[in-house]
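So the structure is just underneath, and the comments pick up after that.
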Amino acid sequence: KPHTPFPNSSCCKILIFRLLRMTTVKKIIDQKSNTIFSVRSTDSIADVLKIMRDFRVRAVLVIDDGALMGIVSQGDCAIKVLLPHNNPVQGLVAKVMSPNSLTVSLANSLEECMAIMIHKRIRHLPVLEKSNVIGVISVGDLVKNIIELQGNQIKFLETYIKGHGA
């Protein structure tokens, strides 16, 4: 088996996870728009579904008087409203939301976010700063960041190979 002078794939995976450990939620939030999609717990489920449809989001925060009360996902709506044939116009957000949402801060690493999402089987984490909601980080945000890190790593390896191939 010939020896290769550059890192193998397991080494590259380790590098990606080290970079995830170093990258914070702040980087992701700074790259996103400042729009926070939210409803009140007393709003109808139909209001949540309209927001999801109109803005192509998969989860909406539930905020009452500035305080995070929970989160409503597409899964919540499908399982708790559509499957039992409940009327989304009559049903209230409070009945279908997931209360006591797990949250992260700007200082949390993306690795920590990924661990929370995997172990708790969730796709969205509200981001709080001093009890104020400042955004949401999704599994899609994490995947996008990993792809960016891999692209940077590919560029580095290409430069490394070209530099040593002369």
Side-chain angles (χ1 to χ4, degrees), residues 13 15-153:
K13 288 176 188 171
L15 179 59
I16 292 292
F17 283 108
R18 282 186 184 153
L19 291 171
L20 280 175
R21 192 175 305 134
M22 294 180 345
T23 306
T24 63
V25 169
K26 182 179 182 346
K27 179 187 178 217
I28 301 296
I29 293 297
D30 287 347
Q31 293 173 347
K32 295 178 79 167
S33 75
N34 293 334
T35 306
I36 297 172
F37 297 101
S38 68
V39 292
R40 291 181 300 277
S41 61
T42 55
D43 289 343
S44 76
I45 298 161
D47 293 334
V48 173
L49 292 170
K50 287 175 190 170
I51 290 171
M52 289 179 179
R53 179 198 63 205
D54 294 347
F55 297 99
R56 300 181 56 87
V57 294
R58 305 295 169 243
V60 176
L61 299 181
V62 182
I63 300 175
D64 287 344
D65 300 320
L68 178 66
M69 305 304 291
I71 189 167
V72 180
S73 69
Q74 275 186 327
D76 292 329
C77 293
I79 293 167
K80 298 174 184 174
V81 180
L82 301 178
L83 278 177
H85 303 290
N86 293 331
N87 185 343
V89 175
Q90 294 174 342
L92 297 181
V93 168
K95 295 288 184 187
V96 298
M97 71 179 192
S98 298
N100 307 316
S101 302
L102 293 172
T103 63
V104 293
S105 72
L106 292 174
N108 282 102
S109 72
L110 298 189
E111 182 184 49
E112 292 168 321
C113 294
M114 188 182 304
I116 292 168
M117 289 178 180
I118 290 169
H119 294 295
K120 296 297 182 176
R121 296 184 179 181
I122 58 176
R123 295 177 175 262
H124 299 86
L125 286 168
V127 181
L128 270 58
E129 184 175 44
K130 298 178 184 171
S131 301
N132 295 320
V133 176
I134 58 168
V136 176
I137 189 163
S138 70
V139 70
D141 296 325
L142 295 178
V143 169
K144 190 172 164 181
N145 190 264
I146 290 169
I147 290 170
E148 179 186 326
L149 291 172
Q150 288 176 335
N152 292 340
Q153 189 171 14

Check salt bridge (Lys or Arg N to Asp or Glu O under 4.0 Å) between [X] and all other residues, then give those that pass, not counting sequence neighbours.
X    : value
D47  : none
K50  : none
E129 : none
D65  : none

What pair of heavy atoms forms the shortest contact from [X] to [Y], and how long is it?
X   : Y   : result
P88 : S44 : O-CB, 3.8 Å
V57 : I51 : CG2-O, 4.0 Å
I45 : V81 : CD1-CG2, 3.5 Å
C77 : M52 : SG-CE, 4.4 Å

Practice problem: May I have all residue pairs that pass ring pair (Phe, Tyr, Trp, His ring centres under 6.0 Å) and include part of residues 109-153, sequence neighbours excluded? | Solution: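 Those involving residues 109-153 do not exist here.
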
Quiz item: Restricting to pairs with a member in residues 53-88, which pass ring pair (Phe, Tyr, Trp, His ring centres under 6.0 Å), not counting sequence neighbours?
Solution: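 Listed once each, the pairs are F37-F55.
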
What distance do [X] atom [atom1] and [Y] atom [atom2] have between them, rounded to the nearest 0.5 Å?
X    : Y    : atom1 : atom2 : value
I134 : N34  : CD1   : CG    : 9.5 Å
T24  : N108 : OG1   : CG    : 9.0 Å
I137 : C113 : CD1   : SG    : 4.5 Å
I28  : N145 : CD1   : CG    : 4.0 Å
L82  : L49  : CG    : CG    : 6.5 Å

For [X], enumerate each residue passing the side chain to side chain contact (heavy atoms under 4.5 Å, CB included) test, keeping only those at least two apart in sequence or located in another chain.
X    : value
I29  : V25, L106, V127
D64  : R40, S41, M69
L128 : L68, T103, P126, V133

Quiz prompt | Where at least one partner belongs to residues 27-38, residue pairs that pass salt bridge (charged side-chain N to carboxylate O under 4.0 Å, His left out), sequence neighbours excluded | solution =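 Output for this query lists K26-D30, K27-E148, K32-D141.
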
Exercise. Could you walk me through whether V48 and D43 pass the side-chain contact (heavy atoms from CB on, under 4.5 Å) test, one step at a time?
Key: CA-CA 8 Å; V48 173; D43 289 343; 5.8 Å; no

Quiz item: Among pairs that include at least one residue of residues 68-80, which meet side chain to side chain donor-acceptor pair (under 3.5 Å), considering only residues two or more places apart or in two chains?
Solution: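 Listed by first then second residue: S73-D76, D76-S98.
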
Quiz item: With sequence neighbours left out, which residue pairs that include part of residues 86-95 fulfil the side chain to side chain donor-acceptor pair (under 3.5 Å) condition?
Solution: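 Non-adjacent pairs meeting side chain to side chain donor-acceptor pair (under 3.5 Å): zero.
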
Self-check item: Audit row: E112, V104, side-chain contact (heavy atoms from CB on, under 4.5 Å) steps and yes/no
Solution: CA-CA 9 Å; E112 292 168 321; V104 293; over 6 Å; no

